[in-house]
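Chain A is the first sequence line, chain B the second, and so forth, proteins listed ahead of strands; every chain is numbered from 1.
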Amino acid sequence: MRDTHFRFSTEIIRRLGEELNPTHDRGILELVKNAYDADARTCTVELLDTDEPGGTVRVTDDGDGMVPRDIRDKWLVLGRSSKTKGQTTRLGRIPAGSKGLGRLAALRMGERASLETRPRGKTQQHAVSIDWRRFDRANLVEDVPLEIDSKPRAQRGESGSTVEISGLKAPIKRMEVKRLARELLLLADPFGVDPSSFTPRLLSDDFEDLTRLVDNSYFAEADYALVASVDSRGRAKVKVTDWRGRELFKAGHKELTVHREGRPYICKGTAFRFWTFLLSGESFQLRSVTLGEVRKWLEQFSGVHLYENGLRVSPYGDPGNDWLDMNVRRARSPEERPSTNNSIGHVAVTDPSDLLVQKTDRSGFIETDYFREIREFATNCLDWMARRRLEVAERRRQKERAEQPRRVRKSKVTLDQAIEALPQNKRKEVEGALSAYDRSRDREVETLKKEVQLYRTLSTAGITAATFAHESAGNPLKVIVHSIRAIERRGKKLAGQEYSAQLEQPVSTVQRAIKSLAVLGEATLQLVDHDKRRVGRVDVHRVIKGVATTFAPFLDGRDVSLSLTLCSGAPYLRGTEAALESIFTNLLNNSLTAFERGGAGKRQIWVSTEVESTTVFLQVSDNGPGIEGIELRDIWLPGRSTQPNGTGLGLVIVKDSVRDLGGSVDAVAHGARGGAEFRVELPIIGA
Amino acid sequence: MVLELLDHRIERVSIVDDNPEARLGTSFYVSDLDLVPVDEAGPLRSLEECVERISSESQAVLCDFRLRVKDYAGFNGDELVAAFNQSGVPAILSTTYDPSALSEIRRFRKNIPVLLAPNDLDEESIVHGFETCLREMKGEHAAERRLRRTLVRFEEISQHHAYVVVPGWNSKMGVRLTRSEVPRKILAAASPGFRCHAMVNIGAEEQVELYFENWELPRDD
């Protein structure tokens with residue numbers, strides 16, 4: 001047998017069409033892109049009776065149309081891109097091109113598809129009709145011949161094509177129509193420099209509404225406008241202006257690429273424009289447009305869109321799409337970071353050599369280095385802008401802090417003036433009351449200032465301790481451990497029996513001392529663990545046991561015994577581990593410090609928990625000297641300590657932390673055991 | 001003297017640590033094993049150069065984790081130990097178990113069969129450690145080191161970390177990963193409740209021993 005070929009079952013048409021699983025809008029968009037490639041100026045999409053199955057989609061353009069050869073060798077050929085690398089169309093467009101699979105999927109949306117085309121500069125028009133049911137009934141693709149009907153056309157001048165898909169298998173629902181309207185509108189950058197060069201339209205009310213929104217575009221209302229570009233050598237520059245167009249920040253390649261060591265970008269020729277809106281009522285008070293209008297506009301068009309050779313590529317900038325991770329970064333500092341909802345961006349990539357490759361299902365670009373560079377360029381610009389904005393915000397905050405006293409003085413003057421205006425008899429009364437108020441406020445401020453200063457000092461001490469903990473838990477201790485063990489080994493080998501007599505004791509003494517030293521480092525580091533400050537579920541008993549374990553060596557070292565009586569169950573609450581640890585740690589510290597002032601013989605601390613419906617009670621008491629020489633209610637004030645060198649902050653921290661967890665704390669100067677007794681009440685979620 | 005382990009003859013053991021006293025301390029174990037400790041005084045310039053040179057001088061390595069505190073090396077011990085084990089030289093990494101260090105090390109954990117705290121270093125653990133490294137080179141992984149494809153569920157993603165649960169290992173304990181340990185494409189798709197697969201040594205006893213390879217995005221079936 002000779003002259004056989006590969007042949008295709010008609011099944012393959014179904015497969016190819018289905019594999020791409022197009023939604024209606026994606027299919028229609030492929031047809032519109034074909035119109036773009038054909039140098040059309042306008043392309044109109046009509047949806048006829050599409051709210052039920054069986055409707056019709058009609059895509060009409062005024063492009064260059066096709067002669068029969070084009071139909072046969074391009075439009076009806078599937079699997080090969082019709083565009084040649086580096087070539088542009090008659091109007092200088094870089095064609096969107098496609099392997100025809102998208103077109104096939106679109107044509108397969110209904111039972112019948114037809115093409116009618118009027119090639120430019122010719123006198124004829126041509127038509128092809130496809131009835132998919134014939135394909136369903138046939139075995140092989142080649143068993144279904146297609147005919148190109150040609151006939152003379154009425155008006156010679158008007159070129160273009162009309163593709164019609166009828167007998168739609170599924171209805172096109174409202175949401176899809178809205179989505180299609182948005183995609184068509186954004187396809188050829190309606191906000192861009194030359195919006196008239198290609199205008200896709202959808203004949204529907206939604207589209208008209210959106211068009212109106214475009215016409216009233218609000219870019220001028222952006223609080224920050226960023227413009228950046230990468231030149232032909234891969235070097236970038238960026239500039240940010242305010243809503244009045246005045247330059248705020250500017251940077252060259254070096255500053256922008258400080259995190260990548262100045263490497264040039266491979267995405268040469270990429271341009272990035274970005275507008276961010278601070279949607280606060282305050283910032284809109286003096287403007288001619290309303291916050292509501294801008295919000296509505298942003299609802300439709302927000303996001304960072306990506307345009308390749310003039311056409312928008314899905315899904316970048318679609319609702320919910322955040323390809324630059326803007327929302328994640330915003331979690332860090334919402335004040336100075338844009339989100340996808342309050343900003344619009346436009347990344348324009350010129351890619352004549354097809355360095356960007358779309359995934360077959362049209363869900364975006366394949367992650368090649370080129371694409372990653374584009375993303376990095378845009379992200380670098382946004383990060384840079386955030387840094388500069390943060391700098392400005394920080395400077396403003398510093399200034400405010402410096403201005404505070406001046407502001408207070410100004411308000412005082414205003415108040416004084418108001419008092420002057422009072423009748424004589426009232427004036428004395430008010431002035432007296434005001435003085436008293438002033439004095440108590442001053443005392444409060446002084447207290448707070450001292451507290452802040454102390455907190456800062458302690459934090460620094462803490463930070464230093466944490467730093468040194470690394471050092472001390474690190475090298476010298478390691479060296480001592482290894483060396484003492486070597487002495488032990490070698491001593492045993494050398495001295496045999498004599499080892500136990502002469503060397504064992506000093507060696508074990510060193511080993512015990514090492515353990516004590518190591519504990520300090522570990523305890524310090526454990527307090528600073530990041531996770532502990534994260535709000536979540538806190539198991540009360542676990543935290544208490546943890547602190548007790550950490551403190552064990554210290555308690556041992558001071559001959560203090562800790563008696564832990566935890567109730568049954570596992571009470572838990574919502575808060576941070578750090579807060580609960582702070583409470584318990586500081587209460588233990590408090591007891592230990594009290595013992596230094598004296599106490600009855602065997603030093604002991606009792607810790608117990610009790611659960612009563614939605615509350616856990618934590619009691620810490622000792623047999624120390626109790627609370628003496630200070631008013632009970634004053635123990636909670638900062639700076640009040642019975643120790644000469646005490647920080648006076650331990651119990652303040654307990655009080656503040658208890659408050660953070662939504663509870664309350666009480667103290668008794670001499671509890672049942674003789675020493676101080678603290679009772680903490682915390683709300684729990686369960687037990 | 002020579003230590004013979006699994007067709008490998010170990011005579012000289014290189015000791016890598018940025019602190020000379022610490023190197024000396026560690027060398028006591030090697031000497032007491034009757035092997036020759038080789039003091040790597042540094043500075044260690046490039047990873048490749050270091051691996052090549054040390055491989056030609058010794059047959060095993062004891063390495064500390066933090067090598068970058070001074071100008072001793074441009075990389076940390078985790079990278080170096082992984083490189084040694086990959087090139088056939090058994091290497092043990094020593095580090096205090098501090099959470100931030102462990103997150104960094106996890107990325108290289110596949111090629112760090114043995115991680116010992118300084119307190120756990122002794123003659124026995126060192127010999128056993130070298131043997132474990134040599135076994136893994138032959139493909140014999142201990143149960144707690146064997147990777148299995150398993151489900152990973154993301155609970156929360158914060159500024160620096162991703163908190164995941166590996167139900168096949170422990171359905172109640174969360175594992176904290178730094179964002180840099182998770183491939184970008186997974187992070188991009190992840191949100192609370194997101195599930196995907198990865199190869200994890202679910203036989204590990206402690207969370208610190210867990211390591212993740214071959215993350216897979218869920219297929220859109």
Would you mind checking which part of [X] comes under 4.5 Å of any heavy atom in chain A, side chain (CB onward), backbone (N, CA, C, O), both or neither?
X	result
B/D17	side chain
B/A188	neither
B/R184	side chain

Should we count [atom1] of [X] as having more than 12 external heavy atoms under 6.0 Å?
X	atom1	answer
B/E206	CD	no
B/H8	NE2	yes
B/E11	CD	yes

Pair B/D32 + A/R490: basic N to acidic O under 4.0 Å: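 A salt bridge links B/D32 with A/R490.
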Quick test of your reading of the model: are B/E123 and A/R489 salt-bridged, counting only N-O distances below 4.0 Å?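 Yes, B/E123 and A/R489 are salt-bridged.
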Looking at A/R485, A/E367, A/H482, which one has more heavy-atom pairs under 4.5 Å with chain B than the rest?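 The option with the most such pairs is A/H482.
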Measuring from atom CG of B/L187 to atom CG of A/D325, what distance do you get when rounded to the nearest 0.5 angstrom?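 Rounded to the nearest 0.5 Å, the CG-CG separation comes out at 8.0 Å.
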Would you compute the distance between atom NZ of A/K478 and atom CG of B/N19 and round it to the nearest 0.5 angstrom? 7.0 Å
Could you tell me which non-hydrogen atom of A/S483 sits nearest to which non-hydrogen atom of B/G25, and how far apart they are?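 It is OG-CA, 4.5 Å.
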Closest-packed option against chain A by number of heavy-atom pairs under 4.5 Å, given B/D64, B/N119, B/D18: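 Ranked by contacts with chain A, first place is B/N119.
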Side chain to side chain, A/V479 and B/L24, heavy atoms closer than 4.5 Å: no
